[in-house]
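Below is one structure; the comments refer to it alone.
Keep in mind that the numbers below use all heavy atoms, side chains included, and drop hydrogens, waters and symmetry copies.
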Amino acid sequence: MLGSVKIKIISVVGKKNTGKTSLTVKIIKELKKRSFKVATIKHSHHMLEMDRENTDTWKHKEAGSETVVGIGNRTFFNIDKDLTLERLLFLIKLIDEPDFVVVEGFKNYNYAKISTSNEINDEFTLKNVDALNIKDSEIPKLVDLIENYSYDILDTLYLNNCGLNDAESIAKAIISQSQERKENEKYNIKDNIIESKEENIEENKQDSKEENKEENKKKEIQKQLKELEVEDIDVLLSINEKVIGVNSFVSSFMKNSILGMLNSLKTEEYGIKDFDKVELVINNGNKK
């Protein structure tokens with residue numbers, strides 16, 4: 001797809017009955033107050049049904065249709081398939097181009113997280129909150145954090161510095177820029193010091209070397225982040241339903257090559273003068 005827009009993704013994660021949904025709703029409302037376009041994804045371990053029994057579309061599904069599309073004032077897709085989060089984000093970006101995608105669940109993915117459980121606190125957690133008791137006056141500050149430190153589909157993250165293209169490290173560096181994350185890391189460092197006293201000295205030295213390497217790598221990326229923005233990539237690419245990251249050079253090459261060929265077509269006959277967004281699907285092989 002050419003003409004891809006940037007989106008920001010935030011996950012609300014936590015154990016059952018810790019206020020994930022109520023917090024998600026509050027975040028959505030605050031983002032809408034700020035005039036952002038919002039999409040949401042809800043992850044559940046239970047069977048989700050979006051269609052009522054005995055409706056026409058329900059009958060289509062019961063008859064054996066793998067994909068059912070309902071169109072009225074709104075459009076919905078009912079697909080008999082378990083899609084990955086990356087695939088869902090790609091499709092949302094392709095179809096709707098929101099500013100933010102708020103995800104409830106998917107705690108094991110490496111996106112910026114707001115956690116409603118103290119037990120869930122990894123390198124991608126921006127903040128742990130008591131969602132059941134959070135005040136409405138605290139939501140704007142929380143959404144400020146989301147607005148400043150959430151990011152796009154992981155595999156699309158590139159910096160303008162050649163060679164600095166490790167998407168996961170870039171994501172970690174973005175998260176660690178936040179003051180809240182820095183405070184969390186202070187407590188983690190204290191805990192690690194206490195635990196290290198009980199371990200073998202030689203093992204500690206080896207661990208320390210590895211930690212220093214990781215820390216130096218993170219600092220280098222943080223330095224680059226302060227100086228450079230994450231690249232604006234105009235091409236969103238998926239192969240075999242897997243998002244493939246392309247840097248600015250490859251993106252520009254693909255974009256200019258495709259647009260060059262399209263310019264030779266008589267698109268005016270279809271009422272198209274400008275190529276604001278180009279969607280291209282290539283079938284390369286026999287479909288089984």
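- Put simply, I139 and L145 are part of the same group of oily side chains (I, L, V, M, F, W, Y) that touch within less than 4.5 Å, one to the next.
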Under 3.5 Å donor-acceptor pairs involving side-chain atoms of residues 263-270, not counting sequence neighbours:
residue	atom	partner	partner atom	Å
N263	ND2	L259	O	3.0
S264	OG	M261	O	2.6
T267	OG1	I272	O	3.1

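- With sequence neighbours excluded, no residue satisfies salt bridge (Lys or Arg N to Asp or Glu O under 4.0 Å) with K273.
- To the nearest 0.5 Å, atoms CG (N110) and CG (D122) are separated by 7.0 Å.
- In this structure a side-chain-to-backbone donor-acceptor pair under 3.5 Å is missing from D80 to S65.
- A donor-acceptor pair is defined here as one N or O able to donate and one able to accept, closer than 3.5 Å; such a pair exists between the side chain of S252 and the backbone of S248.
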Where do Y111 and V103 land on the side-chain contact (heavy atoms from CB on, under 4.5 Å) test, with the steps shown first?
CA-CA 10 Å; Y111 288 102; V103 181; over 6 Å; no
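- The two residues D152 and I9 have their closest heavy-atom pair at C-CD1, 3.5 Å.
- Residue I174 holds its CD1 atom at 11.5 Å from CG of N148, rounded to the nearest 0.5 Å.
- Taking 4.0 Å as the cut-off between side-chain N and carboxylate O, E241 and K81 count as a salt-bridged pair.
- In the hydrophobic cluster analysis, where Ile, Leu, Val, Met, Phe, Trp and Tyr join through side-chain heavy atoms closer than 4.5 angstrom, V101 is grouped apart from V25.
- F77 and V68 end up in different hydrophobic clusters when Ile, Leu, Val, Met, Phe, Trp and Tyr side chains are linked at under 4.5 Å.
- Two residues are said to be in side-chain contact when any heavy atoms from C-beta on lie closer than 4.5 Å; N78 and T57 fail this criterion.
- For the pair L31/D99, no side-chain contact is recorded, criterion being any heavy-atom separation below 4.5 Å from C-beta on.
- Not a single salt bridge (Lys or Arg N to Asp or Glu O under 4.0 Å) links K8 to another residue, sequence neighbours left out.
- Contacts of K15 classified as side chain to side chain contact (heavy atoms under 4.5 Å, CB included), with partners at least two apart in sequence or in another chain: T18, S117, E119.
- Put simply, OH on Y149 and OG on S176 are 9.5 Å apart, with the number rounded to the nearest 0.5 Å.
- Between K20 and S11 there is no side-chain heavy-atom pair separated by less than 4.5 Å.
- Here the side chains of V102 and I146 are not in contact, with every heavy-atom distance at 4.5 Å or above.
- L262 and I282 end up in the same hydrophobic cluster when Ile, Leu, Val, Met, Phe, Trp and Tyr side chains are linked at under 4.5 Å.
- A112 and S150 get closest at one heavy-atom pair: CB-CA, 4.0 Å.
- The distance from the CD1 atom of I27 to the CG atom of L142 is 5.0 Å, given to the nearest 0.5 Å.
- Looking at residues two or more places apart in sequence or on another chain, you find a ring pair (Phe, Tyr, Trp, His ring centres under 6.0 Å) between F36 and F100.
- For the atom pair NE2 of H60 and OG1 of T55, the computed distance is 8.5 Å after rounding to the nearest 0.5 Å.
- Residue F253 places its CZ atom among 12 or fewer non-hydrogen atoms of other residues, nucleotides or ligands, all under 6.0 Å distant.
- Taking every heavy atom of both residues into account, A167 and L154 meet most closely at CB-O, 3.1 Å.
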Step-by-step side-chain contact (heavy atoms from CB on, under 4.5 Å) determination, S238 to E86:
CA-CA 10 Å; S238 175; E86 300 291 343; over 6 Å; no
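- A heavy-atom distance below 4.5 Å is found between the side chains of D96 and K37.
- When hydrophobic clusters are built by joining Ile, Leu, Val, Met, Phe, Trp and Tyr residues whose side-chain heavy atoms come closer than 4.5 Å, directly or via intermediates, V13 is not grouped with L85.
- The shortest non-hydrogen separation linking E279 to K277 is OE2-CE, 3.4 Å.
- Applying the ring pair (Phe, Tyr, Trp, His ring centres under 6.0 Å) criterion to F106, with sequence neighbours excluded, gives H43, Y109.
- With respect to R87 and D82, no salt bridge is recorded, no charged nitrogen being found less than 4.0 Å from a carboxylate O.
- Annotation: the span from K141 atom NZ to E30 atom CD amounts to 14.0 Å, rounded to 0.5 Å.
- Under the 3.5 Å distance criterion, the side-chain polar atoms of N247 are matched with a main-chain donor or acceptor of F249.
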Does the side-chain contact (heavy atoms from CB on, under 4.5 Å) test come out yes or no for I10 and L126, once each step is laid out?
CA-CA 10 Å; I10 183 70; L126 280 173; 4.2 Å; yes
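- Here the closest non-hydrogen pair linking S251 and D234 is OG-N, 3.3 Å.
- Residue K61 comes nearest to E66 through the heavy atom pair NZ-O, 2.9 Å, listed as atom of the first residue, atom of the second, then distance.
- Salt bridge K172/E123: present, at least one basic N to carboxylate O contact under 4.0 Å.
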Derivation and outcome, side-chain contact (heavy atoms from CB on, under 4.5 Å), residues I239 and N284:
CA-CA 10 Å; I239 300 176; N284 185 35; over 6 Å; no
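- Atom NZ of K107 is surrounded by 12 or fewer heavy atoms from other residues, nucleotides or ligands within 6.0 Å.
- A donor-acceptor pair under 3.5 Å is absent between the side-chain atoms of T125 and the main chain of K127, judged by distance alone.
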